[in-house]
Amino acid sequence: GGMEGEDETSMVEAALGLSPQIFINEVLNMVDDVRFQAFEYCLQEGAPAAVGAATATNKAEELERGVNAICNLVTDVLNKRMNNWEMYCLRKCLTVPEGFVAPEDDNSSSMVLHKDGNSDSELDAELNFLRKKLADANTESEELQREITSLERQATYKSSLNSSITEVLKLYEDKSIQDNIEAIVKAIPKLHQKMKVMKRKKVEAMVGQNVRNVNFLRDRKRLAPGKGSSPSTEDIQEVNAAVKGLRQE
């Protein structure tokens, strides 16, 4: 039955000094230690320096919130991956093959196969099966390594981003930069005033030109032969249009 098989497996593991769960727990603890140390390093290296006490406290709190958010995201992904890895190890890699028992000779570290009538072909088939399992385990390990590498790159990017933000904040707090900004702010009203003067001069120039055009038009109509001194309807409309244009200007 199932319980009998589990007892036999436990006996074999105990005889060989094996403990799959202890091994898995140690690996998980190592991964947790690396993750914890990585984010602790981010908190220590990303802490703002050379600023006022109040500003430093605010920046440290913002940094801690950001790092904790990233840490939670990484931890969720990592926990799912490591749970899959644990199940795979327990089911595929760290199981005792059926029929294998612990050797009676304590000096021997090899496994003894107790099966009747085993032929070379059966042994080859078993060996090929184990090789396939090993290849699958290597593939899974490579995928896990790629995931871990990707997470490390993301953590490095976030750390670099925090460092860049800190440098920008330091630059902004520099007194010379603040002085330049204040000088620009003070110069803006003067620039607006100069633009108004230029616009007024431009309007005055356009008004003078339009007045000259109207006078010229009136004189031309007055001197035109056969038209008399009275302006025509078209002349009045042109003058009105020019005056309206002046008012709109």
Side-chain angles (χ1 to χ4, degrees), residues 19-90 92-94 135-199:
S19 181
Q21 193 59 55
I22 292 179
F23 165 76
I24 289 174
N25 291 341
E26 290 177 351
V27 173
L28 295 178
N29 289 336
M30 291 172 60
V31 172
D32 284 340
D33 290 340
V34 172
R35 176 187 56 79
F36 175 80
Q37 293 172 5
F39 285 100
E40 278 295 307
Y41 177 82
C42 291
L43 286 174
Q44 294 174 2
E45 294 298 319
V51 295
T55 303
T57 301
N58 292 336
K59 298 304 180 185
E61 291 175 356
E62 292 177 2
L63 175 64
E64 184 176 2
R65 285 196 296 269
V67 171
N68 288 338
I70 298 172
C71 180
N72 292 334
L73 178 63
V74 172
T75 300
D76 290 340
V77 176
L78 194 59
N79 285 342
K80 292 178 182 178
R81 293 293 181 178
M82 296 311 294
N83 286 338
N84 292 337
W85 172 80
E86 180 178 358
M87 289 188 295
Y88 183 87
C89 287
L90 290 175
K92 303 294 184 180
C93 303
L94 303 178
D136 292 340
N138 289 335
T139 300
E140 181 72 13
S141 176
E142 290 175 357
E143 292 177 355
L144 288 173
Q145 184 59 44
R146 283 194 293 269
E147 290 290 337
I148 293 174
T149 302
S150 176
L151 292 174
E152 290 175 347
R153 283 199 299 266
Q154 293 179 21
T156 301
Y157 169 76
K158 295 296 183 182
S159 178
S160 299
L161 179 61
N162 289 334
S163 299
S164 299
I165 292 174
T166 301
E167 292 297 326
V168 171
L169 291 175
K170 290 181 180 178
L171 181 63
Y172 179 76
E173 292 171 355
D174 186 84
K175 189 175 185 303
S176 61
I177 299 298
Q178 293 180 354
D179 292 342
N180 290 337
I181 294 175
E182 292 177 359
I184 292 174
V185 172
K186 291 179 180 179
I188 288 176
K190 296 180 180 179
L191 178 61
H192 286 171
Q193 186 63 32
K194 290 182 178 180
M195 291 176 65
K196 289 180 180 179
V197 172
M198 293 174 63
K199 184 177 180 180

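Computed from a prediction, not measured in an experiment: that's the story for all the values here.
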Would the distance check show the side chain of S163 and the main-chain N or O of S159 forming a donor-acceptor pair, the cut-off being under 3.5 Å?
yes

Checking the side chain of S141 only, and the main-chain atoms of A137 only, is there a donor and an acceptor separated by less than 3.5 Å?
no

Do the non-hydrogen side-chain atoms of [X] and [Y] ever get within less than 4.5 Å of each other?
X    : Y    : value
E86  : L28  : yes
S19  : F23  : no
Q154 : S150 : yes

So, taking the atom named [atom1] in [X] and the one named [atom2] in [Y], what distance separates them when rounded to the nearest 0.5 Å?
X    : Y    : atom1 : atom2 : answer
M82  : I24  : CE    : CD1   : 9.0 Å
I184 : L191 : CD1   : CG    : 11.5 Å
R35  : N79  : CZ    : CG    : 7.0 Å
Q37  : D32  : CD    : CG    : 11.0 Å
E142 : T149 : CD    : OG1   : 11.5 Å
Q145 : E152 : CD    : CD    : 7.0 Å

Step by step, would you call E26 with I22 a side chain to side chain contact (heavy atoms under 4.5 Å, CB included)?
CA-CA 6 Å; E26 290 177 351; I22 292 179; 3.7 Å; yes

Sequence neighbours left out, cut at 3.5 Å: what donor-acceptor pairs do the side chains of residues 63-74 make with other protein atoms?
| from | atom 1 | to | atom 2 | distance (Å) |
| --- | --- | --- | --- | --- |
| N68 | ND2 | E64 | O | 3.1 |
| N72 | ND2 | N68 | O | 3.2 |

Could you give all pairs that pass the salt bridge (charged side-chain N to carboxylate O under 4.0 Å, His left out) test and reach residues 67-85, with sequence neighbours left out?
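Sorted result for residues 67-85: R81-E147.
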
So, N25 versus Q21: side-chain donor-acceptor pair below 3.5 Å or not?
yes

